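All residue numbers in this chain count up from 1 along the given sequence. Since the structure is predicted, the reported quantities are computational estimates derived from the model, not experimental observations.
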Amino acid sequence: MRLQKSDPHSIELCAAALVRGEVVIIPTDTVYGFSGIVPESEERIRRIKGRDETKPFIQLIAEPEDIALYSDSSLPPVIRSLMPGAVTVIVKNIIKNAESSFIPAEDSVSGLADNASCGTTTAFRCPDDDWLRTLIRKCGKPLYSTSVNRSGFPVLTDIDTMEKEFAAEVFCIVDGGEKKEALPSTIVDLSGGTPKIVRQGSVKIDL
């Protein structure tokens with residue numbers, strides 16, 4: 001099923017599907033991506049992308065301040081000034097202890113840093129897109145975001161091609177217009193104390 005992003009019911013339809021554990025293809029402020037609610041949809045997304053898919057997924061949040069719910073890491077002013085936007089930050093997870101009822105970022109999702117141990121870091125991004133941030137709020141949890149492609153194959157950018165390839169495996173594809181020339185987010189690793197650029201994307205950062 002294809003929905004128009006401009007459809008007044010698109011957020012409600014997507015949110016209801018995501019809360020049920022469905023996977024959707026949606027436009028972000030960068031590129032299109034598979035999205036699903038954290039943590040319930042992780043295995044479903046991995047099955048769609050293919051059995052060789054082992055990379056951790058970025059988690060989309062509604063507000064930059066939401067990072068504090070999952071991590072004690074502080075954002076450098078230069079990074080915070082670029083959020084919401086096309087900047088992903090890798091931060092250390094808060095570790096749950098026996099005396100705390102706090103639920104940290106999903107332990108099965110590691111960050112993207114080479115020096116990260118499984119479950120110790122998570123990559124978060126707050127998109128600069130009101131439609132998407134409203135969707136995240138309605139779901140009440142972060143949303144996974146990962147490129148639209150089978151593992152090992154090129155990333156798809158054309159809506160018609162996405163529909164032919166994945167329509168039977170996702171709840172819907174939200175059409176937000178042309179994004180063929182869009183770049184992914186810039187990824188900054190904050191987990192080691194000193195910020196490090198992992199990927200230069202659409203936002204250029206000099207540290």
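When all heavy atoms of Ile94 and Leu69 are compared, the pair lying nearest together is CD1-O, 4.3 Å. Nearest heavy-atom pair, Ala123 versus Thr88, reported as atom, atom and distance to 0.1 Å: CB-CG2, 3.8 Å. Contact record, Ile45 with Gly36: CD1-N, 3.9 Å, taken as the closest heavy-atom pair. Scanning all heavy atoms of the two residues, the minimum distance from Asp129 to Leu132 falls at OD1-N, 2.8 Å. When all heavy atoms of Cys172 and Leu3 are compared, the closest pair comes out as SG-CD1, 3.9 Å. Closest approach of Cys139 and Ala15 over heavy atoms only: SG-CA, 4.0 Å.
Within the 4.5 Å cutoff, side-chain heavy atoms of Ile90 are placed close to those of Ile187. Side-chain contact between Arg80 and Glu65: present, with at least one pair of heavy atoms (C-beta onward) separated by less than 4.5 Å. The closest side-chain heavy-atom distance from Thr121 to Asp189 is not below 4.5 Å. Using a 4.5 Å cut-off on side-chain heavy atoms (C-beta onward), Ile48 and Val170 make contact. Looking only at side-chain heavy atoms (C-beta outward), Val89 and Ile79 come within less than 4.5 Å of each other. With contacts defined as side-chain heavy-atom distances shorter than 4.5 Å, the pair Pro127/Ile61 does not qualify. With a 4.5 Å cut-off on side-chain heavy atoms, Val174 and Pro27 count as touching. Side-chain contact check for Pro195 versus Leu190: some heavy-atom pair is nearer than 4.5 Å.
For the ring-ring contact (aromatic ring centres under 6.0 Å, His included) criterion with Phe34, the lone passing option out of Phe171, Phe57, Phe166 is Phe166.
Listed for the Gln200 side chain is a donor-acceptor partner under 3.5 Å among the backbone atoms of Ile205. A donor-acceptor contact shorter than 3.5 Å is absent between the side chain of Ser147 and the backbone of Asn149. Judged by distance alone, with hydrogens and angles left aside, the side-chain atoms of Ser191 form no donor-acceptor pair with the main-chain N or O of Lys92 at under 3.5 Å. Listed for the Glu178 side chain is a donor-acceptor partner under 3.5 Å among the backbone atoms of Lys180. Without hydrogens or angle criteria, Ser41 side chain to Arg44 main chain gives no donor-acceptor distance under 3.5 Å. Judged by distance alone, with hydrogens and angles left aside, the side-chain atoms of Thr186 form a donor-acceptor pair with the main-chain N or O of Gly201 at under 3.5 Å. Under a 3.5 Å cut-off, the side chain of Thr134 and the backbone N or O of Asp130 do form a donor-acceptor pair. Remark: side-chain polar atoms of Tyr144 are not paired, donor with acceptor, to backbone N or O of Leu60 under 3.5 angstrom. Side-chain atoms of Ser81 come within 3.5 Å of backbone N or O of Val78 as a donor-acceptor pair.
Taken from CG in Leu156 to NZ in Lys179, the straight-line distance is 15.5 Å, to the nearest 0.5 Å. One finds the CD1 atom of Ile159 at 3.5 Å from the OH atom of Tyr32 (value rounded to the nearest 0.5 Å). One finds the NZ atom of Lys141 at 10.5 Å from the CG atom of Leu143 (value rounded to the nearest 0.5 Å). Ser35 contributes atom OG, which lies 9.5 Å from atom CD1 of Ile25 (distance to the nearest 0.5 angstrom).
For Arg199 and Ser185, the side-chain atoms include at least one donor-acceptor pair closer than 3.5 Å. Residues Ser6 and Trp131 have side chains that never bring a donor and an acceptor to within less than 3.5 angstrom of each other. A donor atom on one side chain and an acceptor atom on the other are not found under 3.5 Å apart for Ser10 and Asp7.
A salt bridge links Arg137 with Glu63; the closest basic N to acidic carboxylate O contact falls under 4.0 Å. Checked for salt-bridge contact, Lys49 and Glu42 miss the test: no charged N lies under 4.0 Å from a carboxylate O. We find that Asp175 and Lys5 are not joined by a salt bridge, their nearest charged nitrogen and carboxylate oxygen being 4.0 Å or further apart. The residues Glu40 and Arg20 are annotated as not salt-bridged, no charged nitrogen and carboxylate oxygen being separated by less than 4.0 angstrom.
Not a single side-chain hydrogen bond (donor to acceptor under 3.5 Å, both in side chains) links Arg47 to another residue, sequence neighbours left out. Partners of Asp160 according to the salt bridge (Lys or Arg N to Asp or Glu O under 4.0 Å) rule, which considers only residues two or more places apart in sequence or in another chain, are Arg2. In this structure, the salt bridge (Lys or Arg N to Asp or Glu O under 4.0 Å) partners of Asp29, at least two apart in sequence or on a different chain, are Arg125.
Counting heavy atoms of neighbouring residues, nucleotides and ligands inside a 6.0 Å radius, atom NZ of Lys138 does not exceed 12 of them.
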